[in-house]
Chemist: 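Got a structure for you, questions after.
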Amino acid sequence: MGELKKWREQKCVLIGTDGSIKGACGTSKNKKNPDRCLPFAKAKSMSKSQRAATAKRKKKFGRTKKFVSNTKAARVT
């Protein structure tokens with residue numbers, strides 16, 4: 001249960017395809033192909049173009065795949 005608590009404390013946010021932070025994770029209007037979610041700290045540490053690249057990747061492959069991996073810059077360790 002400790003891991004779930006740590007994950008919830010990360011405060012994940014939605015990343016739009018333009019690279020902007022759009023709000024809290026889980027509020028995407030498109031339920032079939034949702035936007036990319038990242039922890040707030042990770043999203044802030046990335047440049048706008050890096051955020052846009054990972055969001056575009058999610059949108060591109062999200063139509064056909066259930067799980068789409070992050071770009072190298074967006075990987076969370």
Side-chain angles (χ1 to χ4, degrees):
M1 185 91 156
E3 293 299 315
L4 179 62
K5 185 177 181 194
K6 285 182 202 174
W7 177 77
R8 295 211 26 134
E9 289 172 352
Q10 290 180 351
K11 299 199 178 18
C12 292
V13 293
L14 281 176
I15 307 298
T17 54
D18 60 349
S20 63
I21 296 173
K22 300 227 176 224
C25 194
T27 59
S28 182
K29 302 278 187 250
N30 187 350
K31 300 298 181 192
K32 298 235 185 240
N33 191 7
D35 295 318
R36 172 72 74 194
C37 283
L38 289 173
F40 182 73
K42 182 64 176 179
K44 289 300 276 184
S45 71
M46 296 168 62
S47 70
K48 193 168 186 173
S49 62
Q50 288 174 323
R51 290 191 303 255
T54 192
K56 286 176 186 171
R57 179 179 169 81
K58 169 75 172 173
K59 284 292 188 181
K60 179 180 177 184
F61 295 112
R63 288 182 228 121
T64 57
K65 294 168 119 181
K66 189 164 184 110
F67 177 77
V68 180
S69 62
N70 277 327
T71 58
K72 188 174 182 179
R75 287 199 184 115
V76 179
T77 55

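From a predicted model like this one, the values you see are computed outputs, not experimental measurements.
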Chemist: Taking only residues two or more places apart in sequence, or in another chain, which ones meet D18 in a side-chain hydrogen bond (donor to acceptor under 3.5 Å, both in side chains)?
Modeler: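 Expected list: S20.
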Chemist: With a 4.5 Å cut-off on side-chain heavy atoms, are M46 and K42 touching?
Modeler: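 When only atoms from C-beta onward are counted, M46 and K42 do touch, with a gap below 4.5 Å.
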Chemist: To the nearest 0.5 Å, how far apart are CZ in R51 and CD1 in I21?
Modeler: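 Spacing of CZ (R51) from CD1 (I21) equals 4.5 Å.
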Chemist: Please report the shortest heavy-atom distance between R57 and S69, naming the atom on each side.
Modeler: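 Here R57 and S69 meet closest at NE-O, 2.9 Å.
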Chemist: Does a side-chain N-to-carboxylate-O contact under 4.0 Å join K29 and D35?
Modeler: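 Looking at D35 together with K29, the answer is no, because their closest N to O distance does not fall below 4.0 Å.
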Chemist: To the nearest 0.5 Å, tell me how far K11 NZ sits from E9 CD.
Modeler: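 Going from NZ on K11 over to CD on E9, the span is 7.0 Å.
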Chemist: Before giving the answer on disulfide (SG to SG under 2.5 Å), spell out for C37 and C12 the whole-Å C-alpha distance, their side-chain angles and the decisive distance to 0.1 Å.
Modeler: CA-CA 6 Å; C37 283; C12 292; over 6 Å; no
Chemist: If we ignore hydrogens and angles and just use 3.5 Å, is the side chain of K59 paired with the main-chain N or O of N33 as donor and acceptor?
Modeler: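 Yes, because the side chain of K59 sits within donor-acceptor range (under 3.5 Å) of the backbone of N33.
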Chemist: Just so I know, are the side chains of K22 and V13 near enough to count as touching, which here means a heavy-atom distance under 4.5 Å?
Modeler: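 Heavy-atom side-chain distance check fails, nothing below 4.5 Å.
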Chemist: Out of curiosity, does L14 fall in the hydrophobic cluster containing F40 (side-chain heavy atoms, cut-off under 4.5 Å, transitive links)?
Modeler: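 No, no single cluster joins them.
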Chemist: Would you call K6 and E3 a salt bridge, using N to O less than 4.0 angstrom?
Modeler: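 Counted as a salt bridge, because a side-chain N and a carboxylate O are separated by less than 4.0 Å.
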Chemist: How about R36 and L38: do any of their side-chain heavy atoms sit closer than 4.5 Å?
Modeler: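 The answer is yes; the side chains approach within 4.5 Å.
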